[in-house]
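Encoded as structure tokens, the structure appears first; notes follow it.
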Number of protein chains: 2
Amino acid sequence: MHATSSDQLSRLELAAWRGLLRTHSRLARELDRELETAHGLPLTHYEVLLHLEAAPEHRLRMGDLAESVLLSQSGVTRLVDRLECDGFVVRERCPADRRGLNARLTGEGLAKLREARPTHLAGIRERFVARLSEAELRALAAVWTRLRPGID
Amino acid sequence: MHATSSDQLSRLELAAWRGLLRTHSRLARELDRELETAHGLPLTHYEVLLHLEAAPEHRLRMGDLAESVLLSQSGVTRLVDRLECDGFVVRERCPADRRGLNARLTGEGLAKLREARPTHLAGIRERFVARLSEAELRALAAVWTRLRPGID
DNA sequence: GCAATTTCGTTGTCTGGGCAAGTATAATTC
DNA sequence: GAATTATACTTGCCCAGACAACGAAATTGC
């Protein structure tokens, strides 16, 4: 094995780390392009629709949505603006807490999601899932679990 | 095992995929913040310095640099602009091909890199490397290899 | 029940980065 | 060797997203 001094990374460590950066960068770019050209839908938009579909009654508070799609609150405000313009989502004042808003998926939004989903799933499958064995998928999932913050 | 139909992902597949997105997002954000607050150096800047240091004579063509840091050419043009303002890098017309430019690391740039490196390495170690076993690191490296484009 | 504080979302502003067009040099073709 | 084509960067323009400041509603403390 390579020595692992405190102020440098071994080749293995470096490969594991830089691979994450490179792979993510490439896959995110490719999948976004694919979705955009096939359906005129950027990946961020797709992800909002997806999370809304999965939510009870197809609605989510703005803040929860932000967390789901890994964006800042203001980022989501504007993202939902665009989706509302497209008619894929509507904002509804939340009755229980009148500060809050629910973003709700419209029929049109759901239709768009269903149209785009096969493309995206196929893209993930082709570039990611299908290239890995079940053992490798398990290993990945285990790694992500281990890396969750606050878990020592 | 979960069935793997052609138009949806199994839980395992989903966990492997979404984990990549989440983990990358969180780590990139945290490491960038850390470097920025500790040394006033964004992660992208750090990466340029790092790749230049590793290059022969501490210099790289703009295009090669773009590839290294996973950015577009215009992105690197502007990134090098900023680094040149900071005095960490200089552009030198390439004698062999006078269209081209080399970005060269300055002494100041090298000093800054050396100042920032321990912070960044410690960050990677703490959040990533140290949480994984050697077997897991190997598994990750293997996965990245498998996912390289054009490899079936 | 009225302040003080906290929470939820939006808005103003700024910055980084992508694409397409532009400029300059090199390579190729005839 | 002149004209075309290709390559290496830069620039103009645009867009998405972050942060901080803000308003509105809820919660807490007294």
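Below, read A as the first sequence line, B as the second, and so on, with proteins coming before strands; counting in each chain starts at 1.
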Practice prompt. Output yes when at least one side-chain N/O atom of B:Arg61 is less than 4.0 Å from OP1 or OP2 of D:dC9, else no.
Written response: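 Indeed, a polar side-chain atom of B:Arg61 lies that close.
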Mind calculating the distance between [atom1] ([X]) and [atom2] ([N]) to the nearest angstrom?
{"X": "A:Glu47", "N": "D:dA16", "atom1": "CD", "atom2": "P", "answer": "16 Å"}
{"X": "A:Leu79", "N": "D:dG17", "atom1": "CG", "atom2": "C1'", "answer": "10 Å"}
{"X": "B:Leu101", "N": "C:dA26", "atom1": "CG", "atom2": "C1'", "answer": "15 Å"}
{"X": "B:Arg93", "N": "D:dT7", "atom1": "CZ", "atom2": "C1'", "answer": "13 Å"}
{"X": "A:Leu60", "N": "C:dC8", "atom1": "CG", "atom2": "P", "answer": "14 Å"}
{"X": "A:Leu71", "N": "D:dC15", "atom1": "CG", "atom2": "P", "answer": "18 Å"}
{"X": "A:Glu84", "N": "C:dG9", "atom1": "CD", "atom2": "C1'", "answer": "13 Å"}
{"X": "B:Arg29", "N": "C:dG16", "atom1": "CZ", "atom2": "P", "answer": "18 Å"}

Worksheet item: How do A:Gln73 and A:Arg99 order along DNA chain D: which one's closest nucleotide is nearer the 5' end?
Response: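 Closer to the 5' end of DNA chain D: A:Gln73.
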Worksheet item: For DNA chain D, whose closest nucleotide is more 5', that of B:Gly63 or that of A:Ala96?
Response: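 Nearest-nucleotide comparison on DNA chain D picks B:Gly63.
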Closer than 4.0 angstrom, basic N to acidic O: yes or no for [X] and [Y]?
{"X": "A:Arg104", "Y": "A:Glu57", "result": "no"}
{"X": "B:Glu47", "Y": "A:Arg18", "result": "yes"}
{"X": "B:Arg131", "Y": "B:Glu136", "result": "no"}

Discussion item. So if I take every side-chain heavy atom of B:Ser74 and compare against C:dA26, D:dC9, C:dA20, which nucleotide ends up nearest?
Written reply: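 Within the option list, the nearest is C:dA20.
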Fill in: Polar pair under 3.5 Å, donor/acceptor by atom type, side chain A:Arg82, base D:dG17
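No.
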Discussion item. Please compare B:Ser72 and A:Met62 by the position of their nearest nucleotide in DNA chain C and report the one closer to 5'.
Written reply: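 Mapping each residue to its closest nucleotide by heavy atoms, the 5'-most match is A:Met62.
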Discussion item. Which is more 5' along DNA chain C, the nucleotide nearest B:Leu70 or the one nearest A:Asn102? Just name the residue.
Written reply: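 Nearest nucleotide further toward 5': that of A:Asn102.
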Worksheet entry | Matching residue for A:His45 among A:Leu43, A:Leu41, A:Leu49 - test: side-chain contact (heavy atoms from CB on, under 4.5 Å) |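 Going through A:Leu43, A:Leu41, A:Leu49 one by one, the side-chain contact (heavy atoms from CB on, under 4.5 Å) with A:His45 is satisfied by A:Leu41 alone.
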Practice prompt. Name the nucleic acid region contacted by A:Arg91, choosing base, sugar-phosphate or nothing; use a 4.0 angstrom heavy-atom cut-off, strictly under.
Written response: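 The residue A:Arg91 makes sugar-phosphate contact but no base contact.
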Worksheet item: What nucleic acid atoms does B:Arg78 come within less than 4.0 Å of, heavy atoms only: base, sugar-phosphate, or nothing?
Response: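 Since a base atom lies under 4.0 Å of B:Arg78, the category is base.
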Worksheet entry | Ring-ring centroid check A:His120 A:Tyr46, cutoff 6.0 Å |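 Aromatic pair counts; centres sit under 6.0 Å.
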